[in-house]
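See below for the structure under consideration.
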Number of protein chains: 2
Amino acid sequence: MPAPIPEEQHRMDRDALLDAAERLFYARGIQAIGMDAVRAASGLPLKRIYRFFATKEDLVLAVLNRRDQRWRASLTAYVEPVTDPRERVLAIFDWLADWFAEPGFRGCAWINAHGELGASSAAVLAEVRSHKRAFHDQVAQWVHATQLPVAEPVFLLAEGAIVTAGISGEPAPARHARAAVASMLGVS
Amino acid sequence: MPAPIPEEQHRMDRDALLDAAERLFYARGIQAIGMDAVRAASGLPLKRIYRFFATKEDLVLAVLNRRDQRWRASLTAYVEPVTDPRERVLAIFDWLADWFAEPGFRGCAWINAHGELGASSAAVLAEVRSHKRAFHDQVAQWVHATQLPVAEPVFLLAEGAIVTAGISGEPAPARHARAAVASMLGVS
DNA sequence: AGCCGTAGAGAACGGTCGTTCTCGATATGA
DNA sequence: TCATATCGAGAACGACCGTTCTCTACGGCT
């Protein structure tokens with residue numbers, strides 16, 4: 001095993017840091033996790049963490065931003081291969097059902113972050129809004145291909161399913177939302 | 001003005017405490033508000049606050065519980081007088097639109113509390129779930145009177161509108177959800 | 001009037017937070 | 001080889017948290 005090049009090590013450490021922080025923040029809440037817990041979970045010295053991100057808020061923003069990219073890429077990879085436009089819209093809700101059934105699912109990280117920090121951190125609020133706008137626009141684009149003017153209700157049903165599954169802990173909202181969308185799209 | 005009877009004073013003080021705590025918690029987040037800020041805003045000595053509620057968590061639960069009663073009573077008072085079952089369901093979304101337009105609207109207090117404390121306080125989680133279940137059941141009952149099997153999508157559209165309006169700060173989701181429900185109910 | 005239980009105001013306590021500093025060890029380069 | 005720069009480990013710092021304690025003052029009763 002060759003010794004990693006410094007730059008590569010730097011990137012690996014940064015990823016390990018973001019991985020550890022994301023897992024802790026999502027599972028227990030951002031404010032409930034101290035920087036020392038991030039240090040212990042990532043294995044990186046505190047000094048290095050603060051060289052990657054000057055403040056905890058910067059770390060939180062980086063975690064949310066990277067999760068946004070991964071979350072939307074995963075959704076797109078699942079949905080885009082479906083060729084029929086109406087089936088493609090329904091696939092969104094199949095993907096949501098899989099997500100809700102994941103062990104440790106605890107709702108939408110951005111809705112949770114908004115509840116925690118939306119009032120006190122303008123930067124977090126902006127990040128949350130950016131994620132939701134991107135998701136909205138992507139959904140609207142897929143719905144647009146069906147030629148049916150139901151982009152807003154499809155988006156609201158998705159959001160309602162996400163928040164309801166997150167609070168109740170049950171995956172049923174994905175099925176309910178999917179059935180409603182199928183009806184709106186005229187899929188029997 | 002007659003001097004208030006001690007019992008009455010006790011109730012007034014308790015209300016003032018809950019009023020102050022609710023306003024602060026909702027506007028700035030629960031964890032962002034220290035007990036000293038509650039003391040300053042309520043005008044009550046800290047000792048008396050802790051005689052009303054032994055811990056901050058108890059105060060939070062009381063605030064959420066009282067808000068739940070008030071919130072659902074307000075919705076019911078707005079919706080119940082509408083006699084036509086389908087118009088009554090639509091009235092839910094008119095009420096939501098009014099709520100979203102209120103100054104200082106910052107989303108659903110229970111969704112926000114879930115994001116802040118759902119992972120660390122089992123009691124808060126239970127209170128949030130109780131509120132959402134009560135809202136769900138009330139909506140389902142009103143929808144049931146229309147004889148149409150659309151209780152779940154109506155509820156999910158309401159939740160989606162609430163969470164989207166809370167994050168975006170715009171009241172439009174109430175209109176979008178209302179239009180979708182009108183279509184599902186066959187109201188032209 | 002004089003005692004006593006209770007009140008309010010705010011200091012104090014133990015703990016935790018985000019962030020910075022110290023300090024000994026290690027690596028680097030001429 | 002030796003000076004120098006950099007690093008990790010963790011103590012330290014100042015601020016703030018939820019909660020409790022101290023101390024003074026007052027009110028009601030005999």
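Note that the structure is a prediction, hence the values are computed from the model and not measured.
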Interatomic distance, [X] [atom1] vs [N] [atom2] [rounded to whole Å]:
{"X": "B:Gln31", "N": "C:dG18", "atom1": "CD", "atom2": "C1'", "value": "15 Å"}
{"X": "A:Met35", "N": "C:dG18", "atom1": "CE", "atom2": "P", "value": "7 Å"}
{"X": "B:Asp36", "N": "D:dG18", "atom1": "CG", "atom2": "P", "value": "9 Å"}
{"X": "A:Ile33", "N": "C:dT16", "atom1": "CD1", "atom2": "C1'", "value": "13 Å"}
{"X": "A:Lys56", "N": "D:dA15", "atom1": "NZ", "atom2": "C1'", "value": "15 Å"}
{"X": "A:Leu117", "N": "C:dG18", "atom1": "CG", "atom2": "C1'", "value": "14 Å"}

- request: May I ask you to decide if B:Arg72's main-chain N or O and B:Thr76's side chain share a donor-acceptor pair within less than 3.5 Å?
  value: yes

- prompt: Is there a donor-acceptor pair closer than 3.5 Å between any side-chain N or O of A:Lys56 and the backbone N or O of A:Ile30?
  reply: yes

Could you write out each protein N or O paired with an N or O of nucleotides 6-13 of chain D at a distance under 3.5 Å?
residue : atom : partner : partner atom : Å
D:dC7   : OP2  : A:Arg51 : NH2          : 3.3
D:dG8   : OP1  : A:Arg48 : NE           : 2.9
D:dG8   : OP1  : A:Arg48 : NH2          : 3.4
D:dG8   : O6   : A:Lys47 : NZ           : 2.7

Pairs meeting criterion salt bridge (charged side-chain N to carboxylate O under 4.0 Å, His left out) with involvement of residues 103-112 of chain B, two or more places apart: none

message: Can you tell me how the ring of A:Phe105 sits relative to the ring of A:Phe100, calling it parallel under 30°, perpendicular over 60° and tilted otherwise?
response: tilted

- request: Looking at every strand, decide which applies to B:Leu59 at a 4.0 Å heavy-atom threshold: base, sugar-phosphate, or nothing.
  value: nothing

message: Heavy atoms only, 4.0 Å cut-off, all strands: where does B:Ile49 land among base, sugar-phosphate and nothing?
response: nothing

task: For B:Arg28, look at atom CZ and say whether over 12 heavy atoms of other residues, nucleotides or ligands are found less than 6.0 Å away.
output: no

Pairwise side-chain contact, B:Arg48 with B:Ser42, heavy-atom cut-off 4.5 Å (strictly under): no

